[in-house]
Colleague: 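Here you go, one structure.
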Amino acid sequence: MTPVKLAPVYDPKAVEDKCYRFWLDGNYFRAARDPEKETFTIVIPPPNVTGSLHMGHALDNTIQDILIRWKRMAGYDTLWLPGTDHAGIATQIRVEEHLAQEGLSRHDLGREAFLEKVWEWKEEYHGRIVNQLRKLGVSCDWSRERFTMDEGCSKAVREVFVSLYRKGLICRGDYMINWCPRCNTALSDIEVEHKESPGKLVYIRYPMVERDDYIVVATTRPETMLGDTAVAVHPEDDRYRDYIGEKVILPLMEREIPIIADEYVDPTFGTGAVKITPAHDPNDFAIGQRHNLPAPKVIGDDALMTAEAGRYAGMDRDACRKQVVEELRERGLIDKEEEYSHAVGHCQRCNTVIEPFVSRQWFVKMKPLAEPAIKVVKEGRTRFVPERFTRIYLNWLENVRDWCISRQIWWGHRIPAWYCECGEMIVDYEAPQSCPKCGGGELRQDPDVLDTWFSSALWPFSTLGWPEETPDLKHFFPTDVLVTGYDIIYFWVARMIFMSLEFMGEVPFHDVYIHGLVRDHLGRKMSKSLGNGVDPLEIIDQYGADTLRFTLITGQAPGNDQRFRQENVEASRNFANKIWNASRFVFMNLDNYEYQGLLPEKLSRADRWILHRLNETVAEVGRQLDKYELGEAARCIYDFFWSDYCDWYLEWSKLPLTKGEKAEADRVRSVLLYVLEGTLKLLHPFMPFITEEIWQNLPHTSGALVIASWPEPTEQFQYPEAAAEMELLMGIIKFLRNLRSEVNLPPGQKAKVILNPASEKSCKILNEEIEQLQKMTFAEPLLIEKQKPQKALSALVRDVEAYLPLEGLVDLEAEIKRLEKELTELTKDLERTEGKLANEKFIRKAPADVVEKEKRKQKEFTAHQQKLVSRIQELKKLLTAAN
RNA sequence: GCGCGGUUAGCUUAGUGGAAGAGCGCUACCUUGACACGGUAGAGGUCACAGGUUCGAGCCCUGUAUCGCGCACCA
């Protein structure tokens, strides 16, 4: 056969795009929907169409691709469904920023024209994202790609909204929400990030109406006092008990407000008296409802003071704060001010300080939805990996509050509610023709859109066709695993679970694999503002996608953050090159070879050993993948390939390959190929491009690696005896090399070696492998005989003594010192083992195999020790004789 | 305040009960017919600290310190 020539250095650029096209052309990613096969389904966490992918996406998608490629090879009917998310606020902000460069606002364009612009933006960035994903090598079924605002997903959204509304689980009302004055919209609780910031705790005197006294209240937000409608104290608080029911004058507004009693007040904090602003604080809102207090809104949607703020109307909220404090001080109503650190809510998207206030919005009632979602996780029907994230999930759901789902933006799913002039509200799947109450035709649709996460929550089933009962939905739902970062457990994972339970009656996925964040090399979060982000495409361009994937996967332990470091990228690149060159070596040695498969009856000791090791590796990789230990699996393949296959087997093969005996060479070729093939399979999910490229060049394979069969461990290749024998040989070689380097013998220089085996068996093995031993240790001559040369360096491996007799080179004193050091260490080991064996509790309680192992160790150490001692004595005698 | 995670070789880290692993860096040697993105050999670790459980602890339990994260916040 004609051997393939590979370039001496692997060039990903020459391979990757071509290879991806090969997969697409072959339709290998297309889910077959084969009723005979077991399914394995993943839906992609849809990236936002706001911009480009970052390292976190690269990691997330690499993990999914590994799982999907593994299961595909293992014979499952796999579906990895790709798609993107419209990302309401985030995308709208980006487009608005873009317009602002031309001096335009969305209002200049109007709703329709603006939305056209956003669709254009979406098209562009969607294309960019898909391209990036392909560069990474993901094996998604592109024929099933979805978008959260495509027709089907939009239909699912309306279906869910109407259904929940009719069940009374969605309602419209005036409640406390978080308002972002910059984005001009309401937000849900989890879209608010609380940041510790320094502030002032201002103590204000509220004069009493009926007596010449005042009550002092403390606040971090003095400007909200303009909207106070009560002062609350604890009912049991002796200091204020008599005041309850009396009134104070609200300074500046000069309004009388009552002193009320409420359990909520903590008498130990501040002065024990709290100003109550029902329209601007969630706790005050609750108190206001309990006590039927009015709730004047003094800060408006634009973060300016409203008419309710009297003469402060129109002022900016920050300016108003200064003004209020100033005026209070002038009137002597400031008791004191303290430095105070507290958590202030900021908009997750734009970092503006959030204004909590009462507003008419749409809400999802969470309690009835949360309960089943808690139950399924407690019952293990959906399982978090690693397990510790279960608690984060449960914690949130157990304390969840109603979900504000309406957003005052334009980009998103419009709320399917219409209002008639007569005051009637209609919620329906499609726009009603006329008002069912008054028959009027002038219906106005609610201008608001839904929270982006509302549609994302439906993703696992809306993308499979729901609400239609499509074949895909029947076949592939529920999905198997969701792969995502811990930062969106509440936002997304929890919501998918309760929506799926509500509408599908099933969990959306069985496992949730949570990974950590990719940080910069100093451990900081990658961010735009710090400018420390590393662009995955740049790494792919420089090193190749396989390298990036391998770096991310080996740097990763489940649930833990990782640092992205250039050195690790290089290490992975080196590994890719190693694979390439090992394959290159194999291909170079295939002249005049016709592949005939393995011939098990003819295998040599080394052949059996490497097959044994491959078999062990196959088993171990399978075990690790089953546990989602992808990093461990990758490291395991790395070690096997580099240390066992390249460092030992490949070197070992050079002798039979060059000796000129064709039968022997062919046997080695068959093993080289077999093991390479097996490793390529194991490695393919991790490094798909390079493995496919090499696979395509293998002499005897047809078809694509992407759909080759996943290796399973087999009893046929269990050769523990050959493995033990090889370990003896490798041990001897290592020790001899070590001895040579002790005396600085350069590798090329031949030296006499004597091997003195204590057993017949070892003697036989050594004689059989004498040529390899000679070659590997540059021994000439190599003698296997019962001999103990005096002036020599020595080593002991199992029952074989190895000598390097070097008349002129041996420094007796140094050699004695070296051996004595070895003896000290050995003695320590021996003592530990003997200590264990002397402990009768150990003998009684430890498992038999462990005791057995200790006994073996004891025997080995003792023998070794005896030999070392006598060797040292001999050398000492020699030394005295010489002096 | 509550919860979670980290603390292992100079650096980055893997390792959930039976002799401390890897990558990078470092030292010495090597243009050995796949690879210098390489090879060979080596130095380097009381596994944060203190107790406890166990025949046996880096690993399990209880504290402490320290760093990070999340949640909740009492104005």
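Naming convention: chains lettered A, B, ... in sequence-line order (proteins, then strands); numbering from 1 in each chain.
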Colleague: Classify the side chain of A/E629 and the base of B/A14 as holding, or not holding, a donor-acceptor pair under 3.5 Å.
Modeller: no
Colleague: Within this structure, what is the CZ-to-C1' distance between A/R519 and B/G6, rounded to whole angstrom?
Modeller: 11 Å
Colleague: Should B/U12 form a Watson-Crick or G-U wobble pair with both distances under 3.5 Å, which nucleotide is its partner?
Modeller: B/A22
Colleague: Measure from the side chain of A/P847, starting at C-beta and using heavy atoms only, and say which of B/G15, B/G3, B/G18 lies closest.
Modeller: B/G18
Colleague: Answer yes or no: is there an ion pair linking A/K828 with A/E831, defined by an N-O contact shorter than 4.0 Å?
Modeller: no
Colleague: Whom does B/U31 pair with, Watson-Crick or G-U wobble, provided both distances fall under 3.5 Å?
Modeller: none
Colleague: Using atom C1' of each nucleotide, how far apart are B/A48 and B/G6 to the nearest Å?
Modeller: 11 Å
Colleague: Could you please name the partner base of B/U53, counting Watson-Crick and G-U wobble pairs only when both distances are under 3.5 Å?
Modeller: none
Colleague: Quick one: which residue pairs count as a salt bridge (Lys or Arg N to Asp or Glu O under 4.0 Å) with a foot in residues 265-274 of chain A, not counting sequence neighbours?
Modeller: none
Colleague: Using atom C1' in both nucleotides, what's the gap between B/G23 and B/A9 to the nearest angstrom?
Modeller: 12 Å
Colleague: Quick one: is B/A41 close enough that its OP1 or OP2 comes under 4.0 Å of any side-chain N or O from A/R737?
Modeller: yes
Colleague: Determine whether the aromatic ring centres of residues A/Y513 and A/Y628 are separated by less than 6.0 angstrom.
Modeller: yes
Colleague: When you measure only distances, ignoring hydrogens and angles, does the side chain of A/R573 come within 3.5 Å of the base of B/C37 through a donor and an acceptor?
Modeller: yes
Colleague: Hey, does A/K853 reach any base, or is it just sugar-phosphate, or nothing, if we go heavy atoms under 4.0 Å?
Modeller: sugar-phosphate
Colleague: Residues two or more places apart in sequence or in another chain: which of them pass ring-ring contact (aromatic ring centres under 6.0 Å, His included) with A/F585?
Modeller: none
Colleague: Can you check the A/W396 CH2 to B/C71 C1' distance for me, whole Å?
Modeller: 12 Å
Colleague: If pairing requires Watson-Crick or G-U wobble contacts with both distances under 3.5 Å, which nucleotide is the partner of B/G58?
Modeller: none
Colleague: Can you tell me the Watson-Crick or wobble partner of B/G3, both distances under 3.5 angstrom?
Modeller: B/C69
Colleague: Would you indicate what A/Y638 reaches in the nucleic acid, counting non-hydrogen atoms under 4.0 angstrom: base, sugar-phosphate, or nothing?
Modeller: sugar-phosphate
Colleague: Less than 4.0 angstrom between a side-chain N/O of A/R565 and OP1 or OP2 of B/U12, yes or no?
Modeller: no
Colleague: When the C1' atoms of B/U16 and B/A57 are compared, how many Å lie between them, rounded to an integer?
Modeller: 11 Å
Colleague: Using Watson-Crick or G-U wobble geometry with both distances below 3.5 Å, tell me the partner of B/G17, or none.
Modeller: none
Colleague: Check the phosphate of B/C37 against A/Y543, side-chain N and O only, distance under 4.0 Å to OP1 or OP2. Yes or no?
Modeller: no
Colleague: Could you tell me whether the side chains of A/D262 and A/H234 share a donor-acceptor contact shorter than 3.5 Å?
Modeller: no
Colleague: Counting only side-chain N and O atoms of A/K654, is one of them less than 4.0 Å from OP1 or OP2 of B/A34?
Modeller: yes
Colleague: Using Watson-Crick or G-U wobble geometry with both distances below 3.5 Å, tell me the partner of B/G44, or none.
Modeller: none
Colleague: Are A/D281 and A/R221 ion-paired here, with the side-chain N under 4.0 Å from a carboxylate O?
Modeller: no
